[in-house]
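First up is the structure itself, then whatever we jot down about it.
Below, all heavy atoms of this structure are taken into account, side chains as well, without hydrogens, waters or symmetry copies.
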Amino acid sequence: MKKTIIISAIALCFSVVTVNAKSLNSVVNDNTLVSVFKVSPFCVSIAKGDFETVKKLLDLGADVNQKSNGMTPVMYAAKYNRTEILKLLISKGANLKAKSDKGMTAADYAKLHGATDAQAIIEDTLDKK
């Protein structure tokens, strides 16, 4: 029921935006490349460190191993050193050995970004398994 309400609200927002959209007749002469990265709201909440939102999304059925922009949620938690969220994801069954589209694990992201606390948690968890 909650998912239906959330999806309906999102659909309504998109329909209002498209109804109010205006077309512009302009010519663009420059050749600029714009990269667009689509990251799920779940992973954005992890990157921001919003523990309550992450917990609610998990309770609503968010997949702890679903990739977003080539990375799993546990990789975002490791990259941004979100230790409490990392512990929560691990307790919910996050795969610490999964590899990103770049071939890196959560431990690799923690090490690359200097997230020593996250790296220690990951190493401790992997040692216990």
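The shortest non-hydrogen separation linking Ile85 to Asp50 is CD1-N, 4.1 Å. Heavy-atom minimum distance, Ile46 versus Pro73: CD1-CB, 3.4 Å. Leu89 approaches Ala77 most closely through the heavy-atom pair CD1-CB, 4.0 Å. Closest of all the heavy-atom pairs between Ala62 and Leu58 is O-CD2, 3.8 Å. Closest approach of Gly103 to Asp108, counting heavy atoms only: O-OD2, 4.4 Å. Between Ser68 and Cys43, the shortest heavy-atom contact is CB-SG, 3.7 Å.
Side-chain contact between Met75 and Met104: absent, with no pair of heavy atoms (C-beta onward) separated by less than 4.5 Å. In this structure, the side chains of Tyr109 and Met71 come closer than 4.5 Å at one or more pairs of heavy atoms. With a 4.5 Å cut-off on side-chain heavy atoms, Thr105 and Lys97 do not count as touching. No side-chain heavy atom of Val64 sits less than 4.5 Å from a side-chain heavy atom of Thr72. Contact check for Asn69 versus Tyr76: side-chain heavy atoms found under the 4.5 Å cut-off.
Classification of Glu84 and Lys87 as a salt-bridged pair holds, one side-chain N sitting under 4.0 Å from a carboxylate O.
If you take NZ on Lys92 and NZ on Lys55, they are separated by 8.0 Å, rounding to the nearest 0.5 Å. The CG atom of Asn65 lies 5.5 Å from the CG atom of Asn95; values are rounded to the nearest 0.5 Å. Ile90 contributes atom CD1, which lies 6.5 Å from atom CD1 of Ile122 (distance to the nearest 0.5 angstrom). Remark: Ser40 OG to Lys67 NZ distance equals 13.5 Å, nearest 0.5 Å. Of the inter-residue distances, the one linking His113 atom NE2 with Lys79 atom NZ reads 4.5 Å to the nearest 0.5 angstrom. We find the CG-OG1 distance between Leu96 and Thr125 to be 6.0 Å, quoted to the nearest 0.5 Å.
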